[in-house]
Number of protein chains: 2
Amino acid sequence: MPDAPAPAPLTERQRQIARAARQLLDAEGPDAVTMRRIADVLGIKAPSLYKHVPDKTALEALLITEGFVELAEALEAVAGRLPALGRAYRRYALHHPHLYRLMNYRPLRRDLLPPGVEDRAAFPLLAAVGHDGDRARALWAFAHGMVSLEIDGRFPPGADLDEAWRAGLAAFG
Amino acid sequence: MPDAPAPAPLTERQRQIARAARQLLDAEGPDAVTMRRIADVLGIKAPSLYKHVPDKTALEALLITEGFVELAEALEAVAGRLPALGRAYRRYALHHPHLYRLMNYRPLRRDLLPPGVEDRAAFPLLAAVGHDGDRARALWAFAHGMVSLEIDGRFPPGADLDEAWRAGLAAFG
DNA sequence: GGTCGGGGCTAACGGCGTTAGCCGCCCCCT
DNA sequence: AGGGGGCGGCTAACGCCGTTAGCCCCGACC
């Protein structure tokens with residue numbers, strides 16, 4: 001297991017920084033999440049952030065961790081029935097599109113994440129298809145494809161996405 | 001139809017610029033595609049590029065158009081049978097991961113693309129499911145999800161992606 | 001009471017996309 | 001043949017980005 005040896009709990013200041021970053025991300029999108037903007041929110045200067053966080057990548061890892069925990073909670077709340085799981089996945093992604101992109105639109109820096117957090121979010125999906133890894137990955141791909149294309153406005157304006165979800169999920173039931 | 005009124009064929013210099021950008025993208029990834037690097041390849045200075053291209057967004061649109069045409073050609077070559085279509089989609093994405101991301105990981109600036117180029121790439125998918133829009137979108141989401149998660153290394157190391165593809169495509173057959 | 005370190009600060013670097021303004025050269029028109 | 005215009009280079013510079021170096025204050029602790 002070449003992953004992180006210890007989670008190292010956050011200091012108060014680190015939590016404040018993560019909160020400021022999250023707030024900027026949700027409210028204005030990824031371009032607003034700059035070290036200077038974050039510092040502004042806290043009433044300090046950008047270089048001072050580096051007394052608390054090694055770099056921006058580590059800061060993003062905090063937000064990604066937050067996202068995985070929230071997504072896991074959302075999925076666990078409806079675990080079991082497959083259509084409800086799909087709705088919960090879609091609902092979370094659409095409510096936090098910027099964070100969803102941060103989490104899922106790039107290679108994951110697993111070395112910067114607390115161990116287990118990714119597996120926890122994946123578990124409800126896996127369980128919903130009877131712990132069949134191949135079908136779970138296909139289902140995940142479908143769900144991720146649907147929400148990412150929806151988030152990015154790639155479907156035609158009139159498209160009935162509920163129906164596309166139904167058509168896709170029916171196949172995996 | 002609020003889209004582009006005329007395609008406006010490219011000048012020789014514009015084609016050279018697009019070629020230089022494509023070469024940097026394929027060889028070194030998106031971070032290498034800067035106006036200065038592109039200018040270096042052509043032996044000129046960055047500001048001179050603006051005599052030929054309005055801005056970087058328009059330049060990216062040239063690459064995205066290229067990508068859609070290439071993807072359409074790849075899909076048309078195997079049009080009909082569904083598993084082959086999936087293999088062709090996956091094959092193209094994996095051979096040009098940086099361009100695939102440029103094309104598909106963000107909202108599409110359709111106003112900067114020649115009309116019809118997006119529909120042309122989508123047509124083989126649509127035809128493969130008997131022109132059922134909902135199922136076509138579900139299939140597209142599955143394919144996009146699979147390749148994007150694979151490109152970003154999000155699947156576990158040992159995962160049998162051929163099997164996941166088979167499991168997913170079987171549902172849409 | 002002296003030391004030390006946590007946590008601020010300013011200044012600065014190199015990179016980014018982009019704009020303003022200049023100029024040389026070639027082509028075309030008279 | 002002479003003159004004008006515009007194409008397509010150039011340099012300098014702006015405001016942004018992440019990040020580093022180096023300084024200093026202040027409070028806690030021996």
Side-chain angles (χ1 to χ4, degrees), chain A residues 6 8-65 98-99 101-102 105-109 111-112, chain B residues 8-65 98-99 101-103 105-109 111-112:
Chain A
L10 301 184
T11 67
E12 174 59 22
R13 206 50 161 160
Q14 284 172 328
R15 262 177 278 123
Q16 291 173 358
I17 292 169
R19 182 149 31 93
R22 174 70 183 272
Q23 163 188 326
L24 285 167
L25 181 67
D26 284 343
E28 301 183 45
D31 291 352
V33 185
T34 73
M35 299 304 271
R36 293 176 225 258
R37 289 290 307 276
I38 294 167
D40 279 352
V41 173
L42 299 179
I44 63 178
K45 302 297 181 179
S48 302
L49 292 173
Y50 291 84
K51 291 295 168 69
H52 305 282
V53 166
D55 53 32
K56 199 188 178 188
T57 302
L59 208 171
E60 288 173 349
L62 294 181
L63 299 188
I64 290 169
T65 300
H98 300 304
L99 183 53
R101 296 175 71 140
L102 198 61
Y105 276 46
R106 70 193 81 255
L108 194 60
R109 287 294 304 273
D111 56 326
L112 302 181
Chain B
L10 299 185
T11 67
E12 174 60 21
R13 207 48 163 160
Q14 284 172 330
R15 262 178 279 122
Q16 290 173 359
I17 292 169
R19 182 150 30 93
R22 175 69 183 271
Q23 163 188 326
L24 285 167
L25 181 68
D26 284 343
E28 301 182 45
D31 290 353
V33 185
T34 73
M35 299 305 271
R36 294 176 224 258
R37 287 293 305 278
I38 294 167
D40 278 353
V41 172
L42 299 179
I44 62 178
K45 303 298 181 179
S48 302
L49 293 172
Y50 290 85
K51 292 294 167 72
H52 305 281
V53 166
D55 52 32
K56 200 189 177 187
T57 301
L59 209 171
E60 287 173 349
L62 295 181
L63 299 188
I64 290 169
T65 300
H98 300 304
L99 182 53
R101 296 175 70 141
L102 198 61
M103 293 164 62
Y105 276 46
R106 70 191 85 254
L108 194 60
R109 287 294 303 274
D111 56 326
L112 302 180

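Naming convention: chains lettered A, B, ... in sequence-line order (proteins, then strands); numbering from 1 in each chain.
- Atom CE of B/Met35 and atom P of D/dT11 are 17 Å apart (whole Å).
- Between the CZ atom of B/Arg106 and the CG atom of B/Leu108 there is a distance of 10.0 Å, given to the nearest 0.5 Å.
- Between the side chain of B/Gln14 and the main chain of B/Val53, no donor-acceptor pair closer than 3.5 Å is present.
- Between A/Arg37 and A/Pro47, the residue whose closest nucleotide on DNA chain D is further toward the 5' end is A/Arg37.
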In sequence, state the C-alpha distance, the side-chain angles, and the governing distance for A/Arg37 and A/Glu28, and then conclude on salt bridge (Lys or Arg N to Asp or Glu O under 4.0 Å). CA-CA 11 Å; A/Arg37 289 290 307 276; A/Glu28 301 183 45; 2.8 Å; yes

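- B/Ile38 has its CD1 atom 14 Å from the C1' atom of C/dT18, to the nearest Å.
- Rounded to a whole Å, the CZ atom of B/Arg36 is 17 Å from the P atom of D/dG9.
- The shortest non-hydrogen separation linking A/Leu42 to A/Arg13 is O-NH2, 4.4 Å.
- Taking every side-chain heavy atom of B/Ile44 into account, D/dC10 is the closest of D/dC10, C/dT18, D/dC17.
- Heavy atoms of A/Arg13 sit under 4.0 angstrom from primed sugar atoms or phosphate atoms, though from no base atom.
- Atom-to-atom, CG of B/Leu24 to C1' of C/dC16 comes out at 15 Å; the value is rounded to the nearest Å.
- Rounding to whole angstrom units, NZ of residue A/Lys45 and C1' of D/dG22 are separated by 18 Å.
- Residue-level contact check: B/Thr34 touches the backbone only, with heavy atoms under 4.0 Å from sugar-phosphate atoms and none from bases.
- Pairing each heavy atom of A/Arg109 with each of A/Thr57, the nearest pair is NH1-CG2, 3.8 Å.
- Between the CD atom of B/Glu12 and the P atom of D/dC7 there is a distance of 17 Å, rounded to whole Å.
- Look at A/Ser48 and you'll find a side-chain N or O under 4.0 angstrom from OP1 or OP2 of C/dC9.
- Side-chain N/O atoms of A/Gln16 and A/Arg19 include no donor and acceptor closer than 3.5 Å.
- Within residues 49-61 of chain B, the residues having any heavy atom closer than 4.0 Å to DNA chain D are, in order of number, B/Lys51, B/His52.
- When all heavy atoms of B/Leu99 and B/Leu63 are compared, the closest pair comes out as CD1-O, 3.5 Å.
- Taking atom CD of B/Gln16 as the reference point, atom P of D/dC7 lies 17 Å away to the nearest angstrom.
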